[in-house]
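One structure below.
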Amino acid sequence: PEKAYITNENNKTTLAFAVDADGSLSQPQGLCPYGQYSNVTDSEGNIYVADGEIHVYSPDGKELRRIRLEERPISLAIGGKQGELLFATTTRSIYALRIR
């Protein structure tokens with residue numbers, strides 16, 4: 001990948017890094033002021049960040065929307081045959097949300 005996204009639980013932010021040819025990360029830039037447990041990227045490059053709710057950002061850092069669940073999301077994964085589902089786990093449940 002050209003970019004990697006790291007969630008910093010301590011200050012609850014998500015950073016975007018360039019991925020260099022040798023696999024190392026460089027050029028950290030603040031992507032969004034949210035981030036607690038998990039983040040995942042869809043096939044269009046949008047970033048989903050779990051922090052109380054699910055914050056959705058474009059690759060250039062523009063907030064697109066927020067997804068509220070009945071429970072606090074902990075981990076996120078993209079699935080489905082065409083990458084059309086966002087899975088979110090909580091302490092008691094698993095949610096499957098159609099994103100495309």
Side-chain angles (χ1 to χ4, degrees):
E2 293 179 19
K3 288 190 176 184
Y5 302 96
I6 308 292
T7 299
N8 184 338
E9 186 177 345
N10 291 329
N11 65 8
K12 292 193 170 200
T13 60
T14 299
L15 302 173
F17 289 83
V19 179
D20 298 329
D22 65 357
S24 63
L25 303 179
S26 64
Q27 304 172 31
Q29 296 179 335
L31 176 74
C32 70
Y34 301 101
Q36 187 169 14
Y37 296 117
S38 178
N39 72 69
V40 67
T41 307
D42 68 16
S43 61
E44 296 173 0
N46 298 316
I47 303 96
Y48 298 75
V49 178
D51 186 352
E53 55 195 353
I54 301 168
H55 303 267
V56 185
Y57 281 81
S58 67
D60 62 358
K62 178 182 176 189
E63 185 172 8
L64 300 175
R65 68 179 187 262
R66 294 180 187 191
I67 302 169
R68 291 182 175 91
L69 303 176
E70 292 180 21
E71 302 171 72
R72 185 178 192 84
I74 296 173
S75 64
L76 305 173
I78 299 288
K81 290 183 179 184
Q82 304 296 318
E84 74 279 7
L85 298 174
L86 172 66
F87 293 96
T89 65
T90 69
T91 57
R92 296 183 295 223
S93 305
I94 298 175
Y95 293 81
L97 309 160
R98 185 167 299 281
I99 55 173
R100 292 189 314 166

If you compare all heavy atoms of [X] against all heavy atoms of [Y], which two are closest, and at what distance to 0.1 Å?
X: Ile54; Y: Pro73; answer: CG1-CG, 3.9 Å
X: Ile74; Y: Ala50; answer: O-CB, 4.2 Å
X: Ala4; Y: Leu25; answer: CB-CD2, 3.8 Å
X: Pro59; Y: Leu31; answer: O-CD1, 4.2 Å

Exercise for review: State yes or no: do Leu64 and Val49 share one hydrophobic cluster built from I, L, V, M, F, W and Y residues joined by side-chain heavy-atom distances below 4.5 Å, directly or via other members?
Suggested key: no
Check your understanding: Shared ILVMFWY cluster between Phe87 and Ile67, side chains joined below 4.5 angstrom?
Key -> no
Going from [atom1] on [X] to [atom2] on [Y], what distance comes out if it is rounded to the nearest 0.5 angstrom?
X: Leu15; Y: Cys32; atom1: CG; atom2: SG; answer: 9.0 Å
X: Glu70; Y: Arg92; atom1: CD; atom2: CZ; answer: 10.0 Å
X: Ile99; Y: Leu85; atom1: CD1; atom2: CG; answer: 7.5 Å
X: Gln36; Y: Lys12; atom1: CD; atom2: NZ; answer: 4.0 Å
X: Ile78; Y: Leu97; atom1: CD1; atom2: CG; answer: 9.5 Å
X: Ile47; Y: Tyr5; atom1: CD1; atom2: OH; answer: 4.0 Å

Can you tell me if [X] uses its side chain to pair, donor with acceptor, with the backbone of [Y] under 3.5 Å?
X: Asp51; Y: Gly35; answer: yes
X: Ser38; Y: Leu76; answer: yes
X: Asp42; Y: Gly45; answer: yes

Exercise for review: Could you note down all residue pairs passing ring-ring contact (aromatic ring centres under 6.0 Å, His included) where residues 33-64 supplies at least one of them, sequence neighbours left out?
Suggested key: Tyr34-His55
